[in-house]
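Each remark here refers to the structure printed beneath this line.
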There are 2 protein chains.
Amino acid sequence: MKYEAITIKDIAKALGLSTSTVSRALRDSYEISSETKDRVLAYAKEMNYRPNPIALSLKEKRSSSIGVLVSEIANSFFSQAINGIESVAQEKGYNVIIAQSKEDFEREVSALHYLASRSVDGILISVSAGTSDFSTINDLYLRGMPLVSFDRVVDHLNMHKVKVDNYKGGYDATQHLIKNGYKKIACIASSAYLSITEERVAGYKDALIEKKQGIDETLIDYCLHSGLIYEEVEAIMDKLMKQKNKPDAILACSDKITTNIMRYCQDKKIKIPAKIALLGFSNLDLTDLLTPSLSVVKQPAAEMGRIAAELLIKMIESKRPTSTFEEVILPTELYQRASSAKKTKP
Amino acid sequence: MKYEAITIKDIAKALGLSTSTVSRALRDSYEISSETKDRVLAYAKEMNYRPNPIALSLKEKRSSSIGVLVSEIANSFFSQAINGIESVAQEKGYNVIIAQSKEDFEREVSALHYLASRSVDGILISVSAGTSDFSTINDLYLRGMPLVSFDRVVDHLNMHKVKVDNYKGGYDATQHLIKNGYKKIACIASSAYLSITEERVAGYKDALIEKKQGIDETLIDYCLHSGLIYEEVEAIMDKLMKQKNKPDAILACSDKITTNIMRYCQDKKIKIPAKIALLGFSNLDLTDLLTPSLSVVKQPAAEMGRIAAELLIKMIESKRPTSTFEEVILPTELYQRASSAKKTKP
DNA sequence: TTAAATCCCGGTATCGTTTGCGTAAATTCA
DNA sequence: TGAATTTACGCAAACGATACCGGGATTTAA
């Protein structure tokens with residue numbers, strides 16, 4: 001069964017006019033008499049006429065839709081970001097087409113090809129944790145596809161970037177842990193390929209150096225799947241808790257890593273923060289209800305989505321190729337809660 | 001700047017052929033010599049030719065995209081459902097276009113018009129909590145738009161429906177609370193307009209009746225916005241905690257209601273389950289990490305999304321109008337945790 | 001040798017819309 | 001009154017791809 005809409009041709013036939021006249025009447029052209037306009041408009045309204053967007057797309061060579069590539073929709077950060085993207089897109093008359101990479105490089109490449117072949121007018125990208133080769137993205141860029149990367153941006157490519165101040169996020173979080181008396185702070189970050197990882201870890205290191213605490217590389221670890229898989233977090237935690245220089249606090253650099261560490265500690269009956277403190281990047285909105293209430297670095301996800309979508313649409317609608325690229329950096333918010341409370345004397 | 005793809009015309013010109021020949025060669029028609037086919041295929045591959053989906057859509061009168069209308073993307077249940085929908089759609093070559101109603105009737109109507117005007121081939125609907133008038137949906141149905149409703153289904157309209165056994169979910173949850181010694185079980189449900197509300201409340205009532213516990217209507221309340229707004233939950237809780245027949249347990253019938261009750265109890269320092277037990281419908285995946293760990297009724301969200309998408313695509317691709325409509329009912333899962341632990345003697 | 005069959009390919013209409021161009025009819029100006 | 005202008009509309013091409021129809025060239029059968 002098919003949903004058949006009324007066309008300009010139907011209106012023309014019904015009113016004994018040509019399609020061009022109807023088209024111009026609908027667009028309120030000066031070439032059409034007001035009498036004819038009224039007839040056309042009235043009939044169009046009665047029949048609930050809507051221009052066929054596909055025919056328009058073919059003619060105008062634009063689809064009025066934007067693609068969004070994220071690693072996982074069912075992730076609080078990304079669903080909040082998509083929320084922001086969708087609101088801007090709707091407002092400006094664009095569709096939002098979603099694709100997920102599941103933190104996998106091959107899926108990311110095929111998703112990008114998919115989006116490009118579906119002729120979206122532009123793409124919002126947050127690269128997967130498994131991506132170290134950016135040639136597909138670069139190809140799209142070279143062929144003129146408007147691109148904006150957000151959150152997990154692509155550092156060495158020319159494009160608009162929307163992200164948070166990851167360095168400061170990592171720095172502030174670490175400083176907070178130091179201030180609360182923790183001496184051996186571990187850092188479990190996402191894939192080392194990601195820009196956010198590098199920046200967050202740099203902030204962590206600088207905070208330690210500034211407070212004259214040495215950096216112990218055995219306290220730093222990376223998750224190739226950004227914590228999406230429990231086992232990778234488990235393995236790292238096992239290693240950390242067994243090693244000589246056992247940490248008394250952990251900075252977790254992604255949503256999934258944070259919650260998987262909590263799950264690990266619950267399983268192993270490791271008390272937070274008595275045995276080990278925890279502070280993580282997370283956008284879940286009930287971290288305050290966890291046991292213990294979780295200290296987090298939160299990102300303005302919806303805001304990032306909105307800004308990224310606005311930049312992309314501006315780029316799409318610009319007459320000339322974009323030459324200067326913006327890098328929007330939003331602040332993170334640090335929520336100090338029980339999981340990183342002042343260290344009690346052992 | 002625009003992304004310009006190669007067309008069949010470009011290939012024809014480059015190879016000195018007509019567009020029809022190229023088209024047929026690409027589709028491996030028997031009418032084309034294998035020599036010509038090879039030339040065309042080789043050149044197409046070299047130039048990375050992809051058929052323009054918009055031109056195809058115009059010709060075939062189908063867009064290969066499906067619309068999804070949910071109340072809120074940034075909600076664990078819906079993001080999980082979209083996850084399932086997206087995986088099926090991708091596999092079958094369809095786009096997923098997302099729209100949100102934010103539990104608002106007017107936004108739902110405009111989102112439906114939006115999706116229809118963007119010429120999607122079909123729509124997956126989970127109606128908003130504010131919807132009591134289904135005429136827009138019915139209009140779409142009458143005009144032949146393939147529709148499938150999921151989770152919050154539209155009971156009296158003819159369409160495929162995918163949902164969980166809400167009655168049993170409510171019944172089992174209530175029975176569990178009774179078994180654990182609770183005598184005055186309140187029920188805070190979503191908007192009374194929703195099918196899920198009616199069914200869950202019916203299960204709740206029947207469990208009470210079966211155990212010879214009377215039904216006190218002052219213990220049953222509804223949230224017009226499905227708990228999306230904290231204040232509506234707060235008002236109901238204030239009322240419940242002050243009234244004569246004060247509940248010793250609560251059955252919360254939506255994700256947001258559940259977490260907002262937890263937040264309320266934390267704010268007011270009401271101990272769960274000592275002062276009041278809590279059991280809620282929720283799809284968050286860290287309810288086990290909350291304090292206390294939260295007893296929940298969980299829905300197979302991704303599975304529902306997958307099944308709904310499959311039904312919709314089957315409907316779209318069917319030659320003749322669908323006459324018999326399926327109602328798929330999936331089981332809920334009850335997780336018994338600390339928030340509904342056995343009642344301690346007061 | 002001629003008619004029929006087969007093989008390959010091109011021309012053209014079509015989907016729905018916009019737009020440049022052409023042109024009758026109506027109007028204005030000299 | 002005749003010419004110039006304006007008004008108001010239709011024709012046809014274009015966007016990219018497909019498919020029906022038709023036809024020239026070669027091969028096969030009679």
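What's counted below: heavy atoms across the whole structure, side chains too, no hydrogens, waters or symmetry copies. Note on naming: letters A, B, ... go to the chains in the order of the sequence lines (proteins, then strands), and numbering restarts at 1 for each one.
Looking only at side-chain heavy atoms (C-beta outward), A:Lys314 and A:Glu326 come within less than 4.5 Å of each other. When side chains are defined from C-beta on, A:Ile329 counts as touching A:Glu327, because their heavy atoms get closer than 4.5 Å. Proximity of B:Arg118 to B:Ser63: side-chain heavy atoms (C-beta onward) are nowhere separated by under 4.5 Å.
For B:Thr36, a side-chain nitrogen or oxygen approaches OP1 or OP2 of C:dC9 to under 4.0 Å. Between A:Arg27 and the phosphate of C:dT18, there is a side-chain N or O to OP1/OP2 separation shorter than 4.0 Å. Considering only side-chain N and O atoms, A:Lys61 lies under 4.0 angstrom from the phosphate OP1 or OP2 of D:dG16. Applying the 4.0 Å criterion to OP1 and OP2 of D:dG10, one finds that A:Ser18 has a side-chain N or O inside that range. OP1 or OP2 of D:dA14 has not a single side-chain nitrogen or oxygen of B:Lys9 nearer than 4.0 Å. Listed pair B:Ser33 / C:dC9 meets the phosphate criterion, a side-chain N or O lying under 4.0 Å from OP1 or OP2.
Judged by distance alone, with hydrogens and angles left aside, B:Glu31 brings a side-chain donor or acceptor within reach of the base of C:dC9, the pair sitting under 3.5 Å. At a cut-off of 3.5 angstrom, counting only N and O atoms as typed in the model, there is no donor on one side facing an acceptor on the other between the side-chain of B:Arg50 and the base of D:dG16.
Base contact: B:Ser20 has a heavy atom under 4.0 Å from a base atom. Among the atoms of the strands shown, none is found under 4.0 Å from any heavy atom of B:Ser57. Residue A:Ser23 is in base contact, counting any heavy-atom pair closer than 4.0 Å across all strands shown. At the heavy-atom level, A:Leu17 lies under 4.0 Å from the strands shown only through sugar-phosphate atoms.
Comparing D:dT18, C:dT19, C:dG16 against the side chain of A:Ala55 picks out C:dG16 as the nearest. Picking from D:dG10, C:dT18, C:dG10 the nucleotide with the shortest atom distance to the side chain of A:Arg24 gives D:dG10.
Atom NZ of B:Lys59 and atom C1' of D:dC15 are 14 Å apart (whole Å). Straight-line distance from the CG atom of B:Asn52 to the C1' atom of D:dG16: 6 Å, rounded to whole Å.
Residue whose closest nucleotide on DNA chain D sits further toward the 5' end, between B:Tyr49 and A:Thr19: A:Thr19.
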